[in-house]
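Worksheet: one structure, shown below.
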Amino acid sequence: MDADQILNGLNEPQRAAVTYGGDYLLVVAGAGSGKTRVLTTRISYLIATGVLLPREVLAITFTNKAAKEMRERLAKMLGAAAHSMWISTFHSACVRILRAEHEALGMRSTFTIYDQADSQRMMKQVLAEENIDSKTYTPKAMAFRVSDLKNEMIQPEEFAASATSKDDVILARAYTAYQNRLRAANAFDFDDLIMQAVLLFRRHPQIAEKYRRRLRHVLVDEYQDTNVAQYQLVRALIGEDRDPLHGKLTVVGDADQSIYAFRGATMRNIQDFEHDFPRAATIVLEQNYRSTQNILSAANAVISHNEGRRAKNLWTDSGAGELLTGYVADSEREEASFVADEIDALRDRCGYRYKDVAVFYRTNAQSRAIEDMLVRAGIPYRVVGGTKFYDRKEIKDALAYLHAIVNPDDAVAIRRIINEPRRGIGDKAEGALTAHARRWQISLGVAIADAAHPDLALGEGRGAVEGLTPRAAKAVTEFGQLLEELREQAAVGAPPAEVIEAMLEKSGYLQMLSTSHDPQDEGRLENLAQLSSVAAEFSLSTPDGTLADFLDDVALVSDTDQIPDPQAAAEGEVVLMTVHTAKGLEFPVVFVTGMEDGIFPHLRAMENLDEMAEERRLAYVALTRARQRLYITWAASRSQWGAPHEQISSRFLQEIPQAVIDWRRDEADVARRSLFDGDRWGGSSSWGRRTGGSAAGSYGRRASKWSDDGDFAPAFGAGTGRGSRSGASSGFVPGKLGGGSVPREQSASSKAQPSFVTSVTDGRSQSTASVDTGDGRLGFAVGDAVAHKSFGQGTILGFEGSGKSTVASVKFASGATKRLMLRVAPLEKL
DNA sequence: CCCCAAGCTTTTTTT
DNA sequence: AAGCTTGGGG
């Protein structure tokens with residue numbers, strides 16, 4: 001593609017941004033103004049005109065998905081050259097740098113990346129060790145504060161020197177100890193990835209220069225969400241302006257969409273850009289190509305209530321469009337029911353498909369009610385984010401095994417799995433190992449090896465591990481040997497999926513789950529099967545990828561990376577997500593739910609002006625995701641912590657000019673609901689078996705809670721509260737109706753029968769045979785009708801992988817297509 | 001050392 | 001409501 005073609009179809013300011021020839025450029029890009037397009041086009045243009053070589057580009061995006069999309073767009077414009085560009089997130093880029101330069105930091109290249117949960121676990125250990133009271137100073141809060149410090153590039157020594165208050169002195173102690181432990185575990189936490197990369201460049205100017213020489217032009221998307229550490233990283237990569245070798249920098253962002261202050265992002269970076277880079281040019285994009293004027297008017301009105309912002313007015317020439325639709329529901333269930341009905345109507349009457357629709361909420365917990373209702377309505381949906389796949393216990397356990405294999409010093413991982421499944425290594429044995437490790441200044445992993453091979457320890461001049469009972473010693477030895485065997489396997493280059501399989505077998509984890517009577521364990525098996533197929537998929541796309549590479553990949557996935565590709569399926573599915581996750585996305589139809597004070601804006605932000613301003617920006621982000629139709633809903637009563645609360649409408653709703661809203665229902669019958677809506681599950685309020693009686697406890701609590709609010713107090717009487725809930729639950733199984741799933745009792749009882757267990761065992765024994773035949777398909781073929789224990793009947797669409805990792809895609813009667821690892825999935829041929 | 005039951009916190013948003 | 005920690009008994 002030549003330069004003229006590349007510029008085709010750009011408006012004036014866009015074109016100016018793309019062709020700008022100076023060193024530093026800030027593009028202030030309002031929502032939907034084509035910023036991603038400007039970014040990709042600018043890269044193409046600079047390359048097509050010979051200003052820049054592909055390998056000199058570093059483009060930083062917010063998510064891996066955005067990086068992938070950008071690379072695809074560039075490949076369309078530039079062809080193969082797109083592959084030599086460096087396009088990634090801050091975190092991925094830093095991992096790459098840190099792996100390459102680990103020696104300069106005194107780390108081993110096999111370092112582990114700790115996620116938030118790992119950090120908190122480690123902080124908990126640190127607090128215990130430092131005798132810091134973890135009731136007053138919770139691991140969570142401490143880990144959070146350490147994260148803040150790292151995002152601001154404040155080092156432990158530095159912070160310790162400046163700490164004066166008691167709390168800060170304690171925090172300084174914890175931070176120092178935490179950081180030492182991380183290092184001993186050969187691990188970085190999320191914030192370290194950035195901070196250590198900056199420190200690396202600071203302490204080793206020649207390394208910084210190496211990258212600076214190569215990366216001549218850095219482009220940063222979503223610049224308003226960068227934090228101090230990320231800013232310094234960019235500065236380090238660009239170098240000093242007076243240095244003739246300095247790189248060029250293009251940043252794109254919109255201060256009105258800055259929504260990550262809670263993780264250290266600072267709008268200062270975008271606001272002070274011209275000050276930081278004195279010769280910088282600024283180009284503002286205000287023409288919006290996404291939404292109708294009514295949607296923009298609503299969004300503009302809301303954001304205009306924030307003070308001290310650079311005035312900006314989004315406009316469109318695409319016309320007013322539909323009015324926004326407003327709806328006041330009586331309860332969150334009814335709100336969800338409105339959403340479900342409306343989705344059906346949009347499909348029937350307006351020709352929208354499921355994938356055109358997105359439902360947003362402020363907090364993940366709100367998805368529950370909506371999911372329940374969509375299931376009942378038979379509407380296919382996908383929840384993006386929330387309790388992530390990788391946060392599930394069994395997945396974290398499996399990953400901990402893998403981390404322990406790759407990085408023998410990873411104490412958090414080893415502690416997690418040392419007795420999972422139960423192998424007789426309890427607190428006492430673990431304590432003995434820890435004591436041994438501390439005494440000889442070695443890691444927990446080495447201590448385990450010492451126990452397994454006392455001769456080896458003696459060879460190093462250490463004594464034997466003391467304080468282990470013979471029984472525990474045997475267990476530790478076996479555990480150590482297990483890790484060694486798996487390490488061996490990984491070392492000779494076995495693909496990740498194979499290591500996972502072997503690990504699940506040899507550790508007894510699979511055994512534990514498949515013989516368990518806990519109904520949840522069936523799902524856990526499926527999740528592990530899915531992990532294995534994710535690994536198999538990874539090997540397909542990255543044939544040379546090692547187990548360590550796979551773990552990096554997994555550590556850095558983000559919620560948005562899981563959003564279904566709109567091209568993929570004809571109908572697709574409705575997507576549900578938080579507003580944060582929705583940033584950067586757009587949908588023809590958007591429902592913004594829970595527009596209530598205390599929810600959105602969130603309660604925790606109500607007392608602080610800065611946080612309120614951020615909530616307002618969040619609302620702005622939510623509204624500007626919609627292309628054609630925008631729904632805003634709220635519920636007059638919403639259950640939280642298991643009890644209903646009266647709600648009032650969000651202040652943001654009142655900031656929208658009422659002329660652009662068509663209120664489908666503008667008032668809730670609060671009094672009526674207060675009397676009758678005692679139950680949030682199963683719609684029992686309409687058939688109510690209300691026995692009253694047992695509600696005394698909760699009644700008392702609520703009466704006192706609301707007594708300041710005189711209006712509501714009298715509305716409560718016998719019949720509200722939990723009595724009705726227990727009454728209803730005896731005759732009604734909430735959720736999971738329709739959608740082709742098996743009713744709960746049935747799946748639970750069939751679980752108790754040996755059939756499931758044998759199907760797993762069968763799978764395993766046959767798979768041994770399948771190694772001989774090589775296909776691993778266990779007698780299944782494309783087109784076969786099959787039955788699954790929890791998904792019902794379906795048809796096999798195809799296979800992926802081979803041998804033990806063979807995965808079948810099965811389309812089920814519910815419409816869902818699942819990928820199942822044949823060896824463990826409870827799948828039967830019909 | 002393991003299991004179970006009772007009690008306690010939890011919900012802001014995430015790379 | 002649900003998941004997790006804590007404490008007592010086996």
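This one's a predicted model, so the numbers in the text were calculated from it and none came from an experiment. Below, chains carry the letters A, B, ... as their sequence lines are ordered, and counting in each starts from 1. Reckoned from all heavy atoms, side chains included, excluding hydrogens, waters and symmetry mates.
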Measuring from Phe190(A):CZ to Asn151(A):CG, what's the distance to the nearest 0.5 Å?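 With rounding to 0.5 Å, CZ (Phe190(A)) is 12.0 Å from CG (Asn151(A)).
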Arg423(A) side chain vs Ala475(A) backbone, donor-acceptor pair below 3.5 Å: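 No; zero donor-acceptor contacts below 3.5 Å.
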For Gly594(A), is there any backbone N or O sitting under 3.5 Å from a side-chain donor or acceptor partner on Glu335(A)?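 Confirmed, Glu335(A) side chain pairs with Gly594(A) backbone.
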Value in whole Å for how far the [atom2] atom of [N] lies from [atom1] of [X]:
X         : N       : atom1 : atom2 : result
Phe90(A)  : dT15(B) : CZ    : P     : 15 Å
Glu611(A) : dT13(B) : CD    : P     : 14 Å
Ile113(A) : dT15(B) : CD1   : P     : 14 Å
Gln366(A) : dT10(B) : CD    : C1'   : 15 Å
Gln120(A) : dT5(C)  : CD    : P     : 11 Å
Asn364(A) : dA2(C)  : CG    : P     : 17 Å
Lys150(A) : dT15(B) : NZ    : C1'   : 14 Å
Gln116(A) : dT11(B) : CD    : P     : 11 Å

Does OP1 or OP2 of [N] have a side-chain N or O of [X] closer than 4.0 Å?
X         : N       : answer
Asn419(A) : dC2(B)  : yes
Lys140(A) : dT11(B) : yes
Ser639(A) : dA1(C)  : no
Ser92(A)  : dT15(B) : no

Under 4.0 Å between any heavy atoms, over every strand shown, what does [X] touch: base, sugar-phosphate, or nothing? Just pick one.
X         : result
Asp225(A) : nothing
Ala429(A) : sugar-phosphate
Arg422(A) : sugar-phosphate

Quick test of the criterion, 5.5 Å between centres and less than 30° between planes. Is Phe262(A) stacked on dT14(B) or not?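 One would not call Phe262(A) stacked on the dT14(B) base.
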Residue Arg263(A), side-chain heavy atoms: nucleotide from dT14(B), dA2(C), dT13(B) that is nearest: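 Between dT14(B), dA2(C), dT13(B), the one nearest the side chain of Arg263(A) would be dT14(B).
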Given Arg616(A), Arg617(A), Arg309(A), the one that forms salt bridge (Lys or Arg N to Asp or Glu O under 4.0 Å) with Asp256(A):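 For Asp256(A), the salt bridge (Lys or Arg N to Asp or Glu O under 4.0 Å) test succeeds with only one of Arg616(A), Arg617(A), Arg309(A), which is Arg309(A).
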Under the criterion side chain to side chain contact (heavy atoms under 4.5 Å, CB included), I'd like the reasoning laid out for Thr61(A) against Glu222(A): C-alpha separation, chi angles, the key distance, then a yes or no. CA-CA 7 Å; Thr61(A) 59; Glu222(A) 308 282 9; over 6 Å; no
Nearest-nucleotide wise, let me know which of Glu614(A) and Ala472(A) is further upstream toward the 5' end of DNA chain B.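 Whichever sits nearer the 5' end wins; that is Ala472(A).
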Hey, which sits more toward the 5' end of DNA chain B by its nearest nucleotide, Phe190(A) or Lys428(A)?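 Nearest-nucleotide comparison on DNA chain B picks Lys428(A).
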